[in-house]
Protein chains: 2
Amino acid sequence: MSLPHAILTALLERPSSGLELTRRFDRSIGYFWSATHQQIYRELGKLEAEGYIRTLPAEQPARGQKKSYEVLPAGRAELARWTAAAQDPRPQRDVLLLRLRAAAVVGTDGLEADLHRHLELHRRQLAEYQEIQRRDFPPGKDAPEDRLRHLVLRAGIDLETFWTQWLTHALDELGELPGPR
Amino acid sequence: MSLPHAILTALLERPSSGLELTRRFDRSIGYFWSATHQQIYRELGKLEAEGYIRTLPAEQPARGQKKSYEVLPAGRAELARWTAAAQDPRPQRDVLLLRLRAAAVVGTDGLEADLHRHLELHRRQLAEYQEIQRRDFPPGKDAPEDRLRHLVLRAGIDLETFWTQWLTHALDELGELPGPR
DNA sequence: GGTAGCATGTAACGCGTTACATGATTCG
DNA sequence: CGAATCATGTAACGCGTTACATGCTACC
């Protein structure tokens, strides 16, 4: 039940059309809540039906026409309610850890190459986050309204840092393991 | 497409019935791939139909009767294939980070209490992992076949450590923020 | 006017979740 | 025998994913 709230947040930051939202979900918000354009259009329809958002006055309702949405007061209230409500952490889901556990049973053949690939992907993501930090949060300038956003970014940086370190360590261990290479 | 492989791994470690699997998914494997008993029964049916597992000879097929499964050679081969195959990391999904981003727009009212609760949950999980480490991986004794399992456990420990640190930091920042308290 | 790209959708399917149903076993 | 517990299921629904469809706009 989080996609509608992700969309409300994005629309409050800036009113947008479906495709613009999709693009923003590929960048900033999508770093921790991804969505495809099909999900977004489906959800925009629901949010509009529930009275949380509306199309901007300059709309043409035809099919191939751009249609921008803005958040209504009821939408902002719902987002505030959701933000403050207690929520249990979702159960963990990590395919890579599952694969290592499987490898402990059926062997590590072919695993190493993909671990290298993942390491490279995480390094790239980390570099991207650090670049954003340099650009948007230079040291010294720390406006109160940016504090929360910086906090979120730092979570991303620390998580990617963890994965690069852990994968490096995992590759070390794999190298020392007996078995076909 | 990972639940069947999680089940194959668990069944290779030890043949089990559906409910026993459910219990094991509440503990070890479920730490990074959770599943309910409904999912597990559904998936056991599919895996049996595909010839990857079979019921142990001592079966009684009646409804309330215990039914244990073991992995067939085809199932082990499929698991080995899946383990070695390249897989892209799943896009991140984290509700808490999303909520912080929403709070940057609609305010932080009511957020603090739930962050405290999450911090406590992560501290408890971390303690549980460390207890498992003390019990199953005492320093010095590091059999090669346990290396991979220990590696997975350390990922869990490091991730929970990260969350406790990050949440502590987040609560510090929230405290310094202006606004209704 | 034909083609490429922009923009908004529809349809189908599978996994994950929640609620409920049914049969066996144990024990007072 | 009645209740609690163990054990295996069924049904319904929503989100996430993939593939495909339709209508505009710009440009050669």
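Since this is a predicted model, take the numbers as computed values, not measurements. Chain identifiers are assigned alphabetically (A, B, ...) following the order of the sequence lines, protein sequences preceding nucleic acid strands; residue numbering begins at 1 within each chain.
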Can you check the [X] [atom1] to [N] [atom2] distance for me, whole Å?
X: E43(A); N: dT17(D); atom1: CD; atom2: C1'; answer: 15 Å
X: D26(A); N: dA7(C); atom1: CG; atom2: P; answer: 14 Å
X: I40(A); N: dT8(C); atom1: CD1; atom2: P; answer: 11 Å
X: F25(A); N: dC15(D); atom1: CZ; atom2: C1'; answer: 14 Å
X: L44(A); N: dT10(C); atom1: CG; atom2: P; answer: 12 Å
X: L56(B); N: dT8(D); atom1: CG; atom2: P; answer: 12 Å
X: E48(A); N: dT8(C); atom1: CD; atom2: C1'; answer: 13 Å
X: R23(B); N: dT5(D); atom1: CZ; atom2: P; answer: 13 Å

Answer yes or no: is there a donor N or O on one side and an acceptor on the other, between the side chain of [X] and the main chain of [Y], under 3.5 Å?
X: W33(A); Y: L97(B); answer: no
X: W166(B); Y: R154(A); answer: no
X: R93(B); Y: S34(A); answer: yes

Would you say [N] has OP1 or OP2 under 4.0 Å from some side-chain N or O of [X]?
X: Y41(A); N: dT8(C); result: yes
X: K46(B); N: dC15(C); result: yes
X: R93(B); N: dC15(D); result: no

Could you tell me whether the side chains of Q87(A) and H118(B) share a donor-acceptor contact shorter than 3.5 Å?
-> no
Which nucleotide wins on minimum distance to the side chain of [X], given the candidates [options]?
X: L19(B); options: dA7(D), dG9(C), dT17(D); value: dA7(D)
X: S17(B); options: dG9(C), dT8(D), dT18(D); value: dT8(D)
X: Q39(A); options: dT17(D), dG9(C), dT18(C); value: dT17(D)
X: Q38(A); options: dA19(D), dA7(D), dC15(C); value: dA19(D)
X: K66(B); options: dG9(D), dA7(D), dT18(D); value: dA7(D)
X: L3(B); options: dG16(C), dT17(C), dC15(C); value: dG16(C)

Heavy atoms, side chains only, cut-off 4.5 Å: are T9(B) and E13(B) in contact?
-> yes
5'-most contact on DNA chain D (nearest-nucleotide basis), H37(B) vs P91(B), goes to H37(B)
Closest to the 5' end of DNA chain D, once R90(B) and E20(B) are matched to their nearest nucleotides, is E20(B)
Do R42(B) and dG14(C) share a donor-acceptor pair, side chain to base, under 3.5 Å?
-> no
